[in-house]
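Protein chains get the first letters and strands the later ones, always in sequence-line order, with residue 1 at the start of each.
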Amino acid sequence: MYNFKEIEKKWQEYWDKNETFKAINGSDKKPYYVLVEFPYPSGSGLHVGHVRSYTAHDAMARMKRMKGENVLFPMGFDAFGAPAEQYAIKNHIHPSQAVKENIKTFKGQMKKMGFSFDWSREFSTTDPEYYKWTQWQFLQFYKHGMAYKEKMPVNWCPNCKIVLSNEDSQGGVCERCGSKVVQKEKSQWMLRMSNYAEDLLKGLDDTNFADKVKLGQINWIGKSSGVEVDVDIVGGGKFSIFTTCIETIYGITFFVIAPDGKLIKELMPRVENKEEVNAYIEETLLKSNMDRTELNKGKTGVLVKGIKAINPVTKEEVPIYLGDFVLGSYGTGAVMAVPAHDQRDYEYAKAHNIKMIKVIDGEGIDLDNSAYEKDQYLKTDSKLVNSDKFSGLSVIEAKEEITKYLEEKGIARRVNNYKMRDWIFSRQRFWGEPIPMIYCEKCGWVPMDEKDLPLLLPNVVEYEPTDNGESPLAKITDWVNCKCPKCGEDAKRETDTMPQWAGSSWYFLRFMDPHNDHEFASMDAMKYWNKVNWYNGGMEHTARHLLYARFWVQMLYDYGFVPNREMIDTRVSHGMILGPDGLKMSKSKGNVINPDDIVNEYGADTLRVYEMFIGDYQQDAAWNIDSLKGCKRFLDRIFKLKENIIDSNNYTDEFLVNSTIKKVENDILTLKFNTAISSLMIMVNEYEKQKTITKADYSILLTLLNPFAPHITEELNEQIGNDPICNNTWPTYDQSKLVKDKFEMVVQVNGKVRGKIEVSSDFTNEEMEQTALSLDNVKKHIENKKIVKIITIPKKIVNIVVK
RNA sequence: GCUUCUGUGGCGGAACUGGUAGACGCGCACGACUCAAAAUCGUGUGGCCUUUGGUCAUAAGGGUUCGAUUCCCUUCAGAAGCACCA
């Protein structure tokens, strides 16, 4: 119908030439920062899912600009990481080359979509000018004691000889070769994220994240409050356990300690069955996390012979077991086991023939089949039994009294534990930011001098990982060998690189001041933009990326480098675009839709409108080509509507115009793009029915549609002789025009609709009731019945209740 | 197992703080234009019935209410995240 190719190209060039979307630091206009997660520039190009979230926020950015705000809507690329590395290994192309090409493709596709990004701020996390500051920030963290190196069990593929992330070892199988993944100890850089658990929890109050996003973060942090109790070992020594159910302490019949924890190593000299115990430890370490959690829920373990612990309250001697359900990395790595009141302990006790002691009495106890657990006994007013002087107390009272008692004895303290661990910050890969640390035999780990940054990635020729799992960087000796910055002696560089999450943890700050070469972003610039007002990304990133980014910012804040403790205000997430078959798009399923094909055949505006109209933005939606054609038809009809224009500056329908302005504006700000489009369709339907449309009507229609379909609207707007929409202001609606002088009154009898009639908006309740009662069909339904009462909602409804 | 979300015509989805269920779009049917088709335009479109009306319908069942897609309880189904976290 219309030549979208020509029109779209024309306006894209116009915007480029006029720098229409440039955000100005320090402008007097109100700053507004809209951010959509920058993509990983994969070889397969832009995905229709990208188009959805970019269009949505492009619409928001365009409207905000028209409303006179200084909008920062930036775009960049997160290009470090495994896929580029894999690609390099396969094709023997340096990842920097592949990344360069992929970015070019992505950028070209984005431009063809007409997104109003401020391209003058573009960067990639792989740019030395950018990762210089990622490294610099790491050094600040190190200097504040937040980075440390420690031996950690990691996922290890014995075949590929490579360390895998949890994501790459799903199902306990190596993603690359399919071998079974095992646990291996490796020395890793760590960031003390657990120190910030409480701050990250509290900080949520200063944000406007969507509830489900906040919840995701809260769950991930996983705070639990309990008591840490010291336990004496028969014959000397002691260890601690963590519990949230101190009220059951009199019911302890054994302790379980983690096979991968430190405690068993300390106890080892006194263990009588060393062989058996060592064998079990080996076995546990060989199992991947997967085995330990999903496949093997059976309660395996061995008795540690020769060592007994003393129940801190009853002084009874109880056995110690090793069990892999106890994790070395959580709490103290040791638990008290109360089989009568904890299902997991119960199963373990059954499997190993350990006795149980009931210490809480209540209804419906059935210890032959299951434990009487916390969630059951807390609901009822169960009382303690077999608990010495605490017997007879309620569970709530006992919790407090026992804690106090143990505190006074000096053998317990109240503690909070968090599921969230410290962040494993090193990867044995070469396509990442080099960690700017140097190891010197004499001085230990020494940070690089800040003035020597960036530490550039050397030109790697051999991409394959080394046999011992070190990064390929380790093989580049002239890069590895260096002088110790402290003593000047020979030293070696760290060859691990940072994880992919590093660069994305602060990129939103760099967008505020992207070309700064003496700091990562100036305080002035950050104070001007203040916060990211809107941040959009996938739900899959709410736990990790968002938490890492907040942690990173909170550290920077504590060292005085950023103005706010939370730099992201509102976080929203989009639903996925699924394939036409309703399944997640993937090459293997062959259900991938390439946005380029759609743009070529239907134009960018149609694709944009379609993806906004497809359904609730925050919900998943399946691709439907027919529905897309409907959107094309909609744009064609608007194009055709131009033939009906009559030269007038008046609106034919004030109510329609004003209510649509209000609707579109509110809907964009609340992410209800689908209903914004539908209200515009209603408008078009109306004007088509009227056979004529005034120039004023048409101009408003084009302006309101512009955020969604910027090219065709600019073109038509120009053709009718107006100034470009992007230079205009967003229309304001007149509240007084939203009041109608008539409304359709609905009359119900006993809640069922029995009549509708158009009446004046000025009607009083009495007038409404009288009118209602006069309707024939209503009379029929109240005949011979007694009117009990009449409920009248002004300007809406009258409900007559009869008996 | 835990947490969260979702469940509305043939389909995608509307319905503001409880107030006309099915907006808008797709599909379908019929009609116009055409030699014909496509495109376009017009009309209709939840089921059933005795069809200017009635009745049943928002996963199923119950409750609160004059009135429930919306609030509460129970059950079922699907999705996502976490997963032996003491």
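Among the nucleotides B:U20, B:A86, B:A15, the one closest to any side-chain atom of A:Val753 is B:U20. Across B:C24, B:U4, B:U20, the shortest atom-to-atom separation from the side chain of A:Ser678 is found for B:C24. Relative to the side chain of A:Asn674, the nucleotides B:G19, B:A14, B:U40 differ in distance, and B:A14 lies closest. When distances are taken from the side chain of A:Gln619 to each of B:G54, B:U6, B:G19, the shortest belongs to B:U6. Among the nucleotides B:U20, B:C24, B:G54, the one closest to the side chain of A:Ile682 is B:C24. Comparing B:A23, B:C84, B:G25 by their closest approach to the side chain of A:Met681 singles out B:G25.
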Contacts under 3.5 Å, N or O only, protein and nucleotides 27-31 of chain B:
none

For nucleotides 10-12 of chain B, tabulate all protein N/O to nucleotide N/O atom pairs closer than 3.5 Å, reporting atom names and distance.
from, atom 1, to, atom 2, distance (Å)
B:G12, O2', A:Ile614, O, 2.6

Using the 3.5 Å cut-off, write out each protein N or O paired with an N or O of nucleotides 62-68 of chain B and the distance between them.
from, atom 1, to, atom 2, distance (Å)
B:C66, O2', A:Asn799, ND2, 3.4
B:C66, O2, A:Asn799, ND2, 2.5

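A:Arg421 and A:Ser194 share no donor-acceptor pair across their side chains, judged by distance under 3.5 Å alone. There is a side-chain donor-acceptor pair under 3.5 Å between A:Thr764 and A:Glu767. Side-chain contact check for A:Asn417 and A:Ser224: no donor-acceptor pair (N or O, by modelled atom type) lies under 3.5 Å. When only modelled atom types and interatomic distance are considered, A:Tyr617 and A:Asn536 share a side-chain donor-acceptor pair under 3.5 Å.
A:Lys756 has no carboxylate O lying under 4.0 Å from a charged side-chain N of A:Glu744, or vice versa, which leaves the two without a salt bridge. Salt-bridge check for A:Glu247 with A:Lys399: passed, with a basic side-chain N closer than 4.0 Å to an acidic carboxylate O.
Side-chain nitrogen and oxygen atoms of A:Arg544 include none within less than 4.0 Å of the OP1 or OP2 phosphate oxygen of B:C82. For B:C56, one of the phosphate oxygens OP1 or OP2 lies less than 4.0 angstrom from a side-chain nitrogen or oxygen of A:Lys752.
Within the nucleic acid shown, A:Asp616 comes within 4.0 Å of sugar-phosphate atoms alone, with no base atom in reach, counting heavy atoms only. Residue contacts shown for A:Lys214 are absent, as no nucleic acid heavy atom lies under 4.0 Å away. Among the heavy atoms of the strands lying under 4.0 Å from A:Arg421 is at least one base atom, whether or not backbone atoms are also near. Backbone-only contact: A:Asn685 has heavy atoms under 4.0 Å from sugar-phosphate atoms and none from a base. The residue A:Gly630 sits close only to the backbone: its heavy atoms come under 4.0 Å of sugar-phosphate atoms, none of a base. Within 4.0 Å (heavy atoms only), A:His541 reaches no atom of the nucleic acid at all. The residue A:Asn417 sits apart from the nucleic acid: no heavy atom pair falls under 4.0 Å.
Cation-pi geometry between A:Arg571 and A:Phe209 is not met at under 6.0 angstrom from the ring centre and within 45 degrees of the axis. Cation-pi geometry between A:Lys796 and A:Phe743 is not satisfied (NZ or CZ under 6.0 Å from the ring centre, within 45° of the ring normal).
Following rounding to the nearest Å, A:His545 (NE2) and B:G81 (P) show an atom-to-atom distance of 17 Å.
Among residues two or more places apart in sequence or in another chain, the ring-ring contact (aromatic ring centres under 6.0 Å, His included) test is passed with A:Tyr418 by none. For A:Asp422, there are no salt bridge (Lys or Arg N to Asp or Glu O under 4.0 Å) partners two or more places apart in sequence or in a different chain.
In plain terms, the two heavy atoms of A:Met585 and A:Val48 that are nearest each other are CE-CG2, 3.5 Å.
The distance between the ring centers of A:Phe255 and A:Tyr321 does not fall below 6.0 angstrom.
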Structure string for RNA chain B in dot-bracket form, Watson-Crick and G-U at under 3.5 Å, | interchain | (((((((..(((......[....)))((((((.......))))))((((...))))..(((((..]....))))))))))))....

